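I have placed the structure first, in the form of structure tokens, so that the comments after it can refer back to it.
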2 protein chains.
Amino acid sequence: MFSIGKLGRAARVKVPTIRYYEQIGLLPEPDRSAGNQRLYPRTALDRLAFIRHARELGFPLDAIRDLLGLSDHPDQSCAAADAIARAQLDAVRDRIVRLKALEGELERMLDQCASGTISDCRVIEVLGDHANCAHDHDGKDLG
Amino acid sequence: MFSIGKLGRAARVKVPTIRYYEQIGLLPEPDRSAGNQRLYPRTALDRLAFIRHARELGFPLDAIRDLLGLSDHPDQSCAAADAIARAQLDAVRDRIVRLKALEGELERMLDQCASGTISDCRVIEVLGDHANCAHDHDGKDLG
DNA sequence: TCTTGAAGCTATAGCCACTAGAGCAATTAG
DNA sequence: CTAATTGCTCTAGTGGCTATAGCTTCAAGA
Ligand SMILES: [Zn+2]
Ligand SMILES: [Zn+2]
Ligand SMILES: [Zn+2]
Ligand SMILES: [Zn+2]
């Protein structure tokens, strides 16, 4: 059995994060010691490691919740799991495309700035007028 | 003079967002009508358009606050403005690198999955064990 | 056995950049 | 003049944590 601190060190997840995951129902409530401290079975480590790894790959917690639910039914088709991963891949690709456009604009404005005064600064000028931009950065979330 | 709604339509910024910018001190408090409604001068449109465009390019509001402050001093050197843009460029590039690594991992797991049952699903398997990964996704924020 | 320090507990608030909603008051078009 | 729209303030919620305060419990050393 693990204390919350040992579990956190084993999975490299911070203790308040573990409690947060429990609070939102991503981790089941563990048993408690006589003094009311959480005691985790070994299986909790697998589950937490799965969550951590999926987070590192950018999956939102809702998707992770679904994936964990699916992994509890090993005999079912994995189509739903694959669909979640594909949605995540699409989201990642979308972000990359938008970030590359931003990268291009930022490069351009910095290249074009002669580093004089603010009144001649190409950075300030471009930020003030999108007509100076090569791309259309639609207002969507960059997260 | 613009009402908040007209200003928002002109700059394509939502009305509550304008009030939020005022609240955090990014936009100055405008004069009010006899009935306590905000009335903006034309200059507010430039300022708001600047903010919107900088946000579209991913600048955080704190950086935008600094840029607006700098743009009020046209005779000073633009080095500080350029530095803010360069920091933003670095941040964007950093995100792109990390997202490309994620893209690769997600592609790999999807390619390798034979789309059978969950117990054979490569997606679930990879998420459960980082040893299956080609990259080291350090835990840093993907924002 | 006693003590001390680390680790645990709950509860609350904060982060960013908004967004949504309630319940009103003011303005504007017909 | 009326009705629809727009405006006002205030509060709370989003995601995924992180930080703090003020307490209790546990584990190791003397
Ligand atoms: Zn410059
Ligand atoms: Zn632009
Ligand atoms: Zn699969
Ligand atoms: Zn991995």
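All values reported here derive from a predicted model rather than from experimental measurement. In what follows, every chain begins at residue 1, and chains take the letters A, B, ... in the order their sequences are listed. Excluded from the calculations below are hydrogen atoms, water molecules and symmetry mates; all remaining heavy atoms, backbone and side chain alike, are included.
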Could you go through residues 104-116 of chain B and list every donor-acceptor pair under 3.5 Å that involves a side-chain atom there, pairing it with any protein atom two or more places apart or in another chain?
{"from": "B/E105", "atom 1": "OE1", "to": "B/A134", "atom 2": "N", "distance (Å)": "3.4"}
{"from": "B/E105", "atom 1": "OE2", "to": "B/A134", "atom 2": "N", "distance (Å)": "2.8"}
{"from": "B/E105", "atom 1": "OE2", "to": "B/H135", "atom 2": "N", "distance (Å)": "2.6"}
{"from": "B/E105", "atom 1": "OE2", "to": "B/H135", "atom 2": "ND1", "distance (Å)": "2.7"}
{"from": "B/E107", "atom 1": "OE2", "to": "A/R93", "atom 2": "NH2", "distance (Å)": "2.5"}
{"from": "B/R108", "atom 1": "NH2", "to": "B/N132", "atom 2": "O", "distance (Å)": "2.5"}
{"from": "B/Q112", "atom 1": "OE1", "to": "B/R122", "atom 2": "NE", "distance (Å)": "2.6"}
{"from": "B/Q112", "atom 1": "OE1", "to": "B/R122", "atom 2": "NH2", "distance (Å)": "3.1"}
{"from": "B/S115", "atom 1": "OG", "to": "A/D82", "atom 2": "OD2", "distance (Å)": "3.3"}

N/O donor to acceptor pairs below 3.5 angstrom from side-chain atoms of residues 59-66 of chain B, sequence neighbours left out:
{"from": "B/R65", "atom 1": "NH1", "to": "B/I24", "atom 2": "O", "distance (Å)": "2.9"}

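A/T117 is linked by a side chain to side chain contact (heavy atoms under 4.5 Å, CB included) to A/S119, A/D120, counting only residues two or more places apart in sequence or in another chain. Remark: A/A11 pairs with A/V13, A/L45, A/L48 by the side chain to side chain contact (heavy atoms under 4.5 Å, CB included) rule, at least two apart or across chains. Under the side chain to side chain contact (heavy atoms under 4.5 Å, CB included) criterion, B/P41 pairs with B/M1, B/T43, B/A44, not counting sequence neighbours. For B/Q23, there are no side chain to side chain contact (heavy atoms under 4.5 Å, CB included) partners at least two apart in sequence or on another chain.
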Please write out each protein N/O paired with an N/O of nucleotides 2-5 of chain D under 3.5 Å, distance rounded to 0.1 Å.
none

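Counting 5' to 3', DNA chain C first comes under 4.0 angstrom of a heavy atom of chain A and last does so at the ends given by C/dG8 to C/dT10.
Listed pair A/S3 / D/dC26 fails the phosphate criterion, with no side-chain N or O lying under 4.0 Å from OP1 or OP2. Distances shorter than 4.0 Å separate none of the side-chain N or O atoms of A/K14 from OP1 or OP2 on D/dC17.
Applying the ring-ring contact (aromatic ring centres under 6.0 Å, His included) rule to pairs touching residues 35-58 of chain A yields A/H53-B/H130, A/H53-B/H137, sequence neighbours excluded. Among residue pairs with one or both ends in residues 15-39 of chain B, those qualifying as salt bridge (Lys or Arg N to Asp or Glu O under 4.0 Å) are B/E22-B/R38; sequence neighbours excluded. Within the structure, salt bridge (Lys or Arg N to Asp or Glu O under 4.0 Å) pairs that include any residue of residues 1-11 of chain B do not occur (at least two apart or interchain).
With contacts defined as side-chain heavy-atom distances shorter than 4.5 Å, the pair A/Q88/A/L57 does not qualify. No side-chain heavy atom of B/V123 sits under 4.5 Å from any side-chain heavy atom of A/I84.
The distance between atom CZ of B/R9 and atom C1' of D/dG7, rounded to the nearest whole Å, is 12 Å. Atom C1' of nucleotide D/dT18 and atom CZ of A/R55 are separated by 14 Å, given to the nearest angstrom. Here D/dT9 presents its C1' atom at 12 Å from CD1 of B/I4, a figure rounded to the nearest Å.
Of the residues in residues 18-39 of chain A, those lying under 4.0 Å from DNA chain D by heavy-atom distance are A/Y20, A/Y21, A/S33, A/G35, A/Q37.
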